[in-house]
*Asks:* 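This is the structure I want to talk about, given as structure tokens.
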Amino acid sequence: MFKRLVESQRTDISITIFERNKKLGAGMPYSADGANDEHITNVSGNEIPLLVTTLAGWIKSVSKDTLNKFHIDPTRFNEYKVLPRLLFGQYLTAQFDLLQKRAREANISYEVHYNSTVTDIIDNPKQEVVEVEIGGRQKFEFDRVIVCTGHNWPVRHEGTVANYFDSPYPPVKLALKCDHPVAIKGSSLTAVDAIRTLARHNGTFDKDENGKLSYRLLDDSPNFKLVLHTRNGMLPAVRFHLKDSHLSNNSVLTKEEIAAHIAGNNGFLSLDYVFEKDFKAPIRDIEPEFYENIKDMTMEEFVAAMMELREHLDPFQLLKAEYAEAEKSIKRKKSVYWKEMLGVLSFALNYPAKHLSAEDMQRLQKSLTPLISIVIGYIPQSSSEELMALHQAGVLELIPVGDDSTVAPAAEGATYHYTDEAGQQQAVYFSTFIDCVGQPHLGFDDFPFKSLLTGRSVSPARLKFRSAEEGRKSLEEGKDVSVDEYGDYYLRVSGVAINDHFQVVDDYGAFNDRIYIMAVPYIGGYNPDYSGLDFCEEASSVIIKRLTA
Ligand SMILES: Cc1cc2nc3c(=O)[nH]c(=O)nc-3n(C[C@H](O)[C@H](O)[C@H](O)COP(=O)(O)OP(=O)(O)OC[C@H]3O[C@@H](n4cnc5c(N)ncnc54)[C@H](O)[C@@H]3O)c2cc1C
């Protein structure tokens, strides 16, 4: 957002940044709040939107000591490689410095307040200003506010229940010796972060002369084990060669085409239309053979077919096979196109998702989202190698727990309750439990800036049912459905309502010209795709257009 403001060259505005920490740029995932030395990004330089200098160019300026610490050889570094998150954080901080330099050169006025936590935001419609409260005391007044507070993992039991962790972040807390099985909820990238840390504190990885990784437990952790629990017993797919960032894919529907479709479809975006145009159509041109197989499939049929492939295979066998497929894809610099397009579809759906009918949103959540989260939450190569080595050593296993499992905190750790594949009820106690489901979509009531709630400047995100009949049915099924004075039914989705420009919207549907929000946990209902650097790039480009119009 700061880059956009600087590029606008507007010398008639002044910018104030309030940052809770003492550093800009690294944010949560790329600082000690979200990473240790062993944690890596899931994207490579070529997928990262350009800030000021390229990652490959910046690497050349990094001191030898730092590069050695992260085992980076600058002569072998290329833009298709993932990299240590803490190193990437240093890049982001350096880019922020360069942007500040640019702002000074362009005479754009800005100030940075470090160690300054925003505790409340108070809208003042009459005066057309917004107050920002820092540390519960000081207040500053602005014409416009952009909320970029990013990730937040609510604490539910951590701190009161010993060895129960609501998230693996900050990961320094997982520097634990565990001579016992550890329960992990989830199997995607958040779980991989926890695995990478715990594995290193309870054993060692070694590479043989062929580069094959193996794992050995430490003498004082002979009973250490990692037990992953997932609904469907699947691991995410392995990262392959990706052509480019989602943003540079120009085979998807334009904003104008989407707007015209919505206008001609009673105000709704059709999920089937987006599936045809943003997924099947580009595949037809690039992978005609794959297209032949899927061309007559509905979205649900396509998802079922792809899931079936995974359901019949042991997840660790599949990991091995996908790792081999990905090796080939990387060597040949050839993407696995349908998987890449699924990422593109998810990204493309993110922005207009608020125009889906409630019926289509429920289809998206039930059918496409689970496939997307498996296929596009790519596990990088080195993490895949570690998972295979851990499994080979008998230290890592995956338990399918179905949809109705529960986790009950104990005096220490937790008990996992689930129905196993044979239909038997299980209650398994673990003295250490880590919730690794990833950034949750937070609810309306979790919104942290309470004056915006009490002043009704923000409203809960909701989607209209196309059919009142379907709305009534969902209401009877106990879903969070409301009816308005016209008899229209609405499904409540998570977070606050925003318009297409990321401006908050009140109960009457009126947008607020002063307050923008791009903090993903609080807009998850209307922006269901996972956040990433491409999201930051896209959302800030939309906001700056409106802000400087
Ligand atoms: C563990 C992890 C790894 C990830 N890895 C990748 C990846 O490899 N590639 C990718 O594209 N995406 C990745 N992501 C997605 C990630 O969301 C984005 O890449 C990006 O970091 C989001 O940036 P952000 O500025 O919105 O949020 P954040 O990075 O969370 O930054 C928010 C900033 O706001 C500050 N802040 C928060 N609350 C307040 C407050 N009340 N007052 C003042 N300051 C406040 C924080 O200190 C922080 O500096 C990852 C996410 C996670 C959680």
Side-chain angles (χ1 to χ4, degrees), residues 1-3 16-36 38-49 51 55 81-89 91-93 95-96 112-121 132-136 138 140 145-153 167-171 186 188-194 196-197 239 242 245-247 343 347 376-380 383 436-440 442 447-450 502 516-524 527 529-540 543:
M1 196 67 241
F2 186 62
K3 179 189 174 215
T16 305
I17 300 171
F18 295 104
E19 167 55 56
R20 183 174 58 191
N21 288 333
K22 55 181 191 298
K23 218 192 270 169
L24 293 177
M28 178 264 161
Y30 319 107
S31 69
D33 285 348
N36 285 342
E38 66 271 16
H39 294 127
I40 52 179
T41 59
N42 59 14
V43 294
S44 49
N46 66 313
E47 297 166 66
I48 295 163
L51 290 162
L55 194 53
K81 282 199 170 151
V82 299
L83 72 160
R85 285 217 295 273
L86 290 177
L87 182 65
F88 186 58
Y91 165 72
L92 292 173
T93 301
Q95 298 300 298
F96 223 126
V112 183
H113 297 245
Y114 293 98
N115 303 312
S116 300
T117 301
V118 176
T119 41
D120 203 4
I121 298 175
V132 172
E133 182 194 84
I134 306 299
Q138 240 181 327
F140 296 79
V145 164
I146 309 167
V147 180
C148 304
T149 47
H151 291 284
N152 183 9
W153 272 264
S167 83
Y169 307 118
S188 65
L189 292 169
T190 309
V192 171
D193 276 354
R196 287 184 77 110
T197 302
R239 191 187 140 85
L242 282 157
S245 83
H246 297 151
L247 289 166
F347 186 74
I376 73 167
Y378 319 118
I379 312 184
S383 297
C436 293
V437 292
Q439 174 63 62
L442 298 177
F447 193 69
F449 308 117
K450 295 300 179 202
F502 293 89
Y516 296 79
I517 173 158
M518 54 188 291
V520 168
Y522 307 107
I523 53 173
N527 272 260
D529 186 46
Y530 300 126
S531 71
L533 295 157
D534 44 10
F535 168 83
C536 302
E537 170 88 347
E538 175 67 16
S540 61
I543 293 174

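Whatever order the structure lists ligands and atoms in, that order sets their numbers, starting from 1.
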*Asks:* Could you label the plane-to-plane angle of the Phe447 and Phe449 rings as parallel, tilted or perpendicular, counting under 30° as parallel and over 60° as perpendicular?
*Replies:*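 Because their plane-to-plane angle is over 60°, the rings of Phe447 and Phe449 count as perpendicular.
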*Asks:* What's the shortest distance from atom 42 (N) of ligand 1 to any protein heavy atom, and which residue and atom give it?
*Replies:*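 Of the protein heavy atoms, Val118 N, 2.8 Å lies nearest.
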*Asks:* Heavy-atom distance under 4.5 Å between the side chains of His151 and Tyr169, does that happen here?
*Replies:*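 No, too far: nothing below the 4.5 Å cut-off.
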*Asks:* For ligand 1, is Tyr114 a contact, meaning one of its heavy atoms is under 4.0 Å away?
*Replies:*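 No, Tyr114 has no heavy atoms under 4.0 Å from ligand 1.
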*Asks:* Taking it one step at a time, do Phe96 and Ile17 satisfy side-chain contact (heavy atoms from CB on, under 4.5 Å)?
*Replies:* CA-CA 12 Å; Phe96 223 126; Ile17 300 171; 3.9 Å; yes
*Asks:* Identify the protein heavy atom lying closest to atom 1 (C) of ligand 1, giving its residue, its atom name and the separation to 0.1 Å.
*Replies:*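 Going atom by atom, the protein heavy atom closest to atom 1 (C) of ligand 1 ends up being Tyr169 OH, 3.2 Å.
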*Asks:* Got His113 and Thr16 here, is their nearest side-chain heavy-atom distance under 4.5 Å?
*Replies:*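 A side-chain contact under 4.5 Å exists here.
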*Asks:* With backbone taken as N, CA, C and O and side chain as the heavy atoms from C-beta onward, which portion of Met518 lies under 4.0 Å from ligand 1: side chain, backbone, both, or neither?
*Replies:*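 The answer is neither; Met518 stays 4.0 Å or more away.
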*Asks:* Looking only at protein heavy atoms, which one is nearest to atom 7 (C) of ligand 1, and what is the separation?
*Replies:*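 Here the nearest protein heavy atom works out to Asn42 OD1, 2.9 Å.
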*Asks:* State whether the side chain of Arg85 and the backbone N or O of Ile40 hold a donor-acceptor pair below 3.5 Å, judged by distance alone.
*Replies:*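 Answer holds: yes.
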*Asks:* Can you list the atoms of ligand 1 that are under 4.0 Å from a heavy atom of Met28?
*Replies:*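 It comes down to these atoms of ligand 1: 28 (P), 29 (O), 30 (O), 31 (O), 53 (C).
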*Asks:* Applying a strict 4.0 Å limit to heavy atoms, is Phe535 in contact with ligand 1?
*Replies:*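 No; Phe535 lies far enough from ligand 1 that no heavy-atom distance drops under 4.0 Å.
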*Asks:* Can you tell me if His39 contacts ligand 1 (heavy atom of the residue under 4.0 Å from the ligand)?
*Replies:*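 No, His39 has no heavy atoms under 4.0 Å from ligand 1.
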*Asks:* Using the side chain to side chain donor-acceptor pair (under 3.5 Å) rule, pick out the option among Asn527, Asn152, Thr149 that qualifies with Tyr522.
*Replies:*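 Only match with Tyr522 under side chain to side chain donor-acceptor pair (under 3.5 Å): Asn152.
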*Asks:* For atom 11 (O) of ligand 1, grab the closest protein heavy atom and report residue, atom and distance to one decimal in Å.
*Replies:*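 Atom 11 (O) of ligand 1 sits closest to the protein heavy atom Leu533 N, 2.9 Å.
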*Asks:* Could you check whether any side-chain heavy atom of Ile376 comes within less than 4.5 Å of a side-chain heavy atom of Phe347, counting everything from C-beta outward?
*Replies:*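 Sidechains of Phe347 and Ile376: no contact.
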*Asks:* Answer yes or no: is there a donor N or O on one side and an acceptor on the other, between the side chain of His39 and the main chain of Asp193, under 3.5 Å?
*Replies:*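 Such a contact is found between His39 side chain and Asp193 backbone.
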*Asks:* Checking a contact table here: which protein heavy atom is nearest atom 12 (N) of ligand 1, and how many Å away?
*Replies:*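 Going atom by atom, the protein heavy atom closest to atom 12 (N) of ligand 1 ends up being Tyr30 OH, 3.3 Å.
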*Asks:* Are any of the N/O atoms on Gly34, whether in the backbone or the side chain, positioned under 3.5 angstrom from an N/O atom of ligand 1?
*Replies:*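 No; the residue has no nitrogen or oxygen that sits under 3.5 Å from a nitrogen or oxygen of the ligand.
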*Asks:* Under 4.0 Å from a heavy atom of Phe18: give me the atoms of ligand 1 that qualify, with their elements.
*Replies:*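 What qualifies from ligand 1 is 43 (C), 44 (N).
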*Asks:* Of the choices Ser540, Pro29, Gly532, which has the non-hydrogen atom that lies closest to atom 50 (C) of ligand 1?
*Replies:*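 It is Pro29 that holds the nearest heavy atom.
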*Asks:* Provide the number and element of each atom of ligand 1 under 4.0 Å from a heavy atom of Trp153.
*Replies:*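 Contacts of ligand 1 toward Trp153, numbered from 1: 53 (C).
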*Asks:* With a 4.0 Å cut-off on heavy atoms, does Phe88 reach ligand 1?
*Replies:*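 For ligand 1, residue contact (heavy atoms, under 4.0 Å) with Phe88 is absent.
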*Asks:* Which residue supplies the protein heavy atom nearest to atom 26 (O) of ligand 1, what is that atom called, and how far is it?
*Replies:*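 Here the nearest protein heavy atom works out to Gly150 CA, 3.8 Å.
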*Asks:* Indicate yes or no: does an N/O atom of Arg20 lie under 3.5 Å from an N/O atom of ligand 1?
*Replies:*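 By distance alone, the answer is yes.
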*Asks:* Take Thr93 and Tyr30, measure what side-chain contact (heavy atoms from CB on, under 4.5 Å) needs, and give me the verdict at the end.
*Replies:* CA-CA 10 Å; Thr93 301; Tyr30 319 107; over 6 Å; no
*Asks:* Considering the heavy atoms of Ser116, write down every atom of ligand 1 situated less than 4.0 Å from one of them.
*Replies:*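 The list of qualifying atoms is 42 (N), 43 (C).
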*Asks:* I want to check something: taking the side chain as every heavy atom from C-beta on, are Asp534 and Val43 in contact at a cut-off of under 4.5 Å?
*Replies:*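 Side chain of Asp534 against side chain of Val43, heavy atoms only: no contact under 4.5 Å found.
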*Asks:* Starting from atom 30 (O) of ligand 1, what is the nearest protein heavy atom, named by residue and atom, and what distance separates them?
*Replies:*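 Here the nearest protein heavy atom works out to His151 N, 2.9 Å.
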*Asks:* Quick check: do Phe535 and Leu533 have side-chain heavy atoms less than 4.5 Å from each other?
*Replies:*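 Phe535 does not reach Leu533 side chain to side chain.
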*Asks:* If you define the side chain from C-beta out and look only at heavy atoms, does anything of Ile543 sit under 4.5 Å from Met518?
*Replies:*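 Yes; the side chains approach each other to less than 4.5 Å.
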*Asks:* Quick one: does Glu19 get a heavy atom under 4.0 Å from ligand 1?
*Replies:*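 Flag set, Glu19 near ligand 1.
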*Asks:* With the side chain counted from C-beta on, respond yes when Val118 and Val147 share a heavy-atom pair under 4.5 Å apart, and no when they do not.
*Replies:*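 SC-SC contact between Val118 and Val147 ruled out.
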*Asks:* Considering the heavy atoms of Asp193, write down every atom of ligand 1 situated less than 4.0 Å from one of them.
*Replies:*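 So the atoms of ligand 1 that pass are 1 (C).
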*Asks:* For atom 34 (O) of ligand 1, which of the options Cys148, Ser31, Gly438, Gly27 provides the nearest non-hydrogen atom?
*Replies:*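 Closest candidate by heavy-atom distance is Cys148.
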*Asks:* Please report the interatomic distance SG(Cys536) to NZ(Lys3), rounded to the nearest 0.5 Å.
*Replies:*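 If I round to the nearest 0.5 Å, the distance is 12.0 Å.
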*Asks:* What atoms of ligand 1 come closer than 4.0 angstrom to any heavy atom of Val43?
*Replies:*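 Within the 4.0 Å cut-off of Val43, ligand 1 contributes 8 (O), 9 (N).
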*Asks:* Please state whether Ala35 comes within less than 4.0 angstrom of ligand 1, counting heavy atoms only.
*Replies:*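 The answer is no, since Ala35 has no heavy atom less than 4.0 Å from ligand 1.
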*Asks:* With a 4.5 Å cut-off on side-chain heavy atoms, are Asn42 and Arg239 touching?
*Replies:*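 With C-beta onward as the side chain, the pair stays apart.
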*Asks:* Can you tell me the protein heavy atom closest to atom 23 (O) of ligand 1 and the distance?
*Replies:*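 It is Cys536 SG, 4.0 Å.
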*Asks:* So which of Val192, Leu83, Thr149, Ile121 gets nearest to atom 39 (C) of ligand 1, if we judge by its closest heavy atom?
*Replies:*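 Heavy atom nearest to atom 39 (C) of ligand 1 belongs to Thr149.
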